[in-house]
There are 2 protein chains.
Amino acid sequence: MSLRHAVLGLLAERQASGYDLMKLFETSLANVWPATQSQVYGELGKLAASGQVEVAAEGPRGRKEYAITEEGLAELRHWLTSTEPDRIRRSETLLRVFFLGVLTPLEATAYLGLEAEYAAKSRTALERLEGTVDWGDDDMSVYGRLSLEYGLRLMTLHEEWAKWAIDRIQAAPPRAAAEQEDEQDVRQDHRQTEPAE
Amino acid sequence: MSLRHAVLGLLAERQASGYDLMKLFETSLANVWPATQSQVYGELGKLAASGQVEVAAEGPRGRKEYAITEEGLAELRHWLTSTEPDRIRRSETLLRVFFLGVLTPLEATAYLGLEAEYAAKSRTALERLEGTVDWGDDDMSVYGRLSLEYGLRLMTLHEEWAKWAIDRIQAAPPRAAAEQEDEQDVRQDHRQTEPAE
DNA sequence: ATCCTACCTTCCACTCTTGACAGGTCAATG
DNA sequence: CATTGACCTGTCAAGAGTGGAAGGTAGGAT
């Protein structure tokens, strides 16, 4: 459902073609709600069909500039004020952390080290972005900057957390690798309960 | 791709039926990688077909307990050590922040207030969870706790960020509502460029 | 003895997302 | 003039995730 509103939101700022929108998705929204061409054009079609968006101008090579309609703006406002955001968050990084037990403590800390490294790199990239953009006092500047700050804080958290986790594992290694070997043997016993299909 | 490895990871801990796995997904992995019945059973079927998992025992009412095979364990290790995690993160919350400009500053701060509230509530829920579980020194305890700590820190960040954002908006409101009205009029002009379809 | 509840698996229809492919036009450069 | 590159729209196949329906069994409580 969110992609629909992302498109509406961008068109609320100013009218644009699918091509224009793609550039916006690749720049400003890349870290918040990525989207592909097929999605954007598809969504524009659906929005036009339902009257929340309409072709405001046609340009050179088949270019169609879309503008949000009153209906679309109403829908956007309704989404922002009267619906609960979908807060389900999937984190492959954390999923992996859950299963770090199948590795040796050394391998586990190596993984977390890469996480810390990634977060640090990602954070400096955001800082560079912050320096690049010229922040005016328009909506996109004010509110986009709030998002950027969130990203900055998140990457800081990520790095510090990863370093903290490494310390913890090194302070109290969960289990010796030898015990893991034992467990593998146990599993093999299980497997003999029934012959392979 | 990750769901496959989530299932493998859980089965690496101990063998289980689809039903058992569902309970694990609802409890331990709920905040990290949610999954539905259809997904879990489907994935078990595919994993069994590819030999990474096999039926270790059959129980009372059609119950089938699956166990990870050596192949599956190898795949799990490979995933953990030799592949890059998918770090794309979608945040509907932040997406909305980008478009807060279509609302009045008052409405915008109200939204962020709800975010702060949600984060606070969510954080105390995690703290309660932390108190409930008895943390041993096994893998799931050690590594699961690292994930929980991440969640705790994230919710703290979320709340503080939302409060900070509210302050910022109140200190320097982006634009008066009156100007937004003007903009709507401009958009109406655009719409007259072409009659509705 | 019956009924309820928890247990347990399987299938389906739908939307979202990805990645790639196909096709075409304008503008400038050599 | 021919080629190149940026511009611009569209479609399709396949996988991932959602939500719910269907259908059946074992065990315990009344």
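Chain A is the first sequence line, chain B the second, and so forth, proteins listed ahead of strands; every chain is numbered from 1. Remember, predicted model here, so these are calculated numbers, not experimental data.
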Going 5' to 3' along nucleotides 3-14 of chain D, which nucleotides have protein heavy atoms under 4.0 Å from the base (write B), which only from the sugar-phosphate (write S), and which from neither (write -)? ----BBBBBB--

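- Under a 4.0 Å N-O distance rule, the pair A:E130/A:R145 qualifies as a salt bridge.
- The phosphate of D:dG17 has neither OP1 nor OP2 within less than 4.0 Å of any side-chain N or O from B:R90.
- Looking at heavy-atom distances under 4.0 Å, B:M1 makes contact with sugar-phosphate atoms alone, never a base.
- In this entry the distance linking CZ of B:R4 with C1' of D:dA16 reads 11 Å, nearest Å.
- Listed by first then second residue, pairs satisfying side-chain hydrogen bond (donor to acceptor under 3.5 Å, both in side chains) with a partner in residues 81-90 of chain B read A:R96-B:T83, A:E115-B:R87, not counting sequence neighbours.
- Protein atom CZ of B:F25 is 13 Å distant from nucleotide atom C1' of D:dA16, rounded to whole Å.
- Residues passing the side chain to side chain donor-acceptor pair (under 3.5 Å) test with B:S17, sequence neighbours excluded: B:D20, B:R63.
- From the 5' end on, the contacts that DNA chain C makes with chain A at under 4.0 Å to a non-hydrogen atom open and close at C:dC16 to C:dC26.
- For A:R153, the side chain to side chain donor-acceptor pair (under 3.5 Å) criterion is met by A:E149, not counting sequence neighbours.
- Rounded to an integer number of Å, the gap from CD of B:E92 to C1' of D:dG17 is 16 Å.
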Under 3.5 Å, which donor-acceptor pairs link side chains of residues 31-52 of chain A to any protein atom two or more places apart or in another chain?
{"residue": "A:Q39", "atom": "OE1", "partner": "A:T36", "partner atom": "N", "Å": "3.3"}
{"residue": "A:Y41", "atom": "OH", "partner": "A:Y19", "partner atom": "N", "Å": "3.3"}
{"residue": "A:E43", "atom": "OE2", "partner": "A:R4", "partner atom": "NH1", "Å": "2.3"}
{"residue": "A:S50", "atom": "OG", "partner": "A:K46", "partner atom": "O", "Å": "3.4"}
{"residue": "A:S50", "atom": "OG", "partner": "A:L47", "partner atom": "O", "Å": "3.2"}
{"residue": "A:S50", "atom": "OG", "partner": "A:Q52", "partner atom": "NE2", "Å": "3.3"}

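- B:E127 is linked by a side chain to side chain contact (heavy atoms under 4.5 Å, CB included) to B:R123, B:T124, B:L152, counting only residues two or more places apart in sequence or in another chain.
- Residues satisfying the ring pair (Phe, Tyr, Trp, His ring centres under 6.0 Å) test with B:Y66, not counting sequence neighbours, are none.
- Take B:E26 and apply the side chain to side chain donor-acceptor pair (under 3.5 Å) test, not counting sequence neighbours, and it matches no residue.
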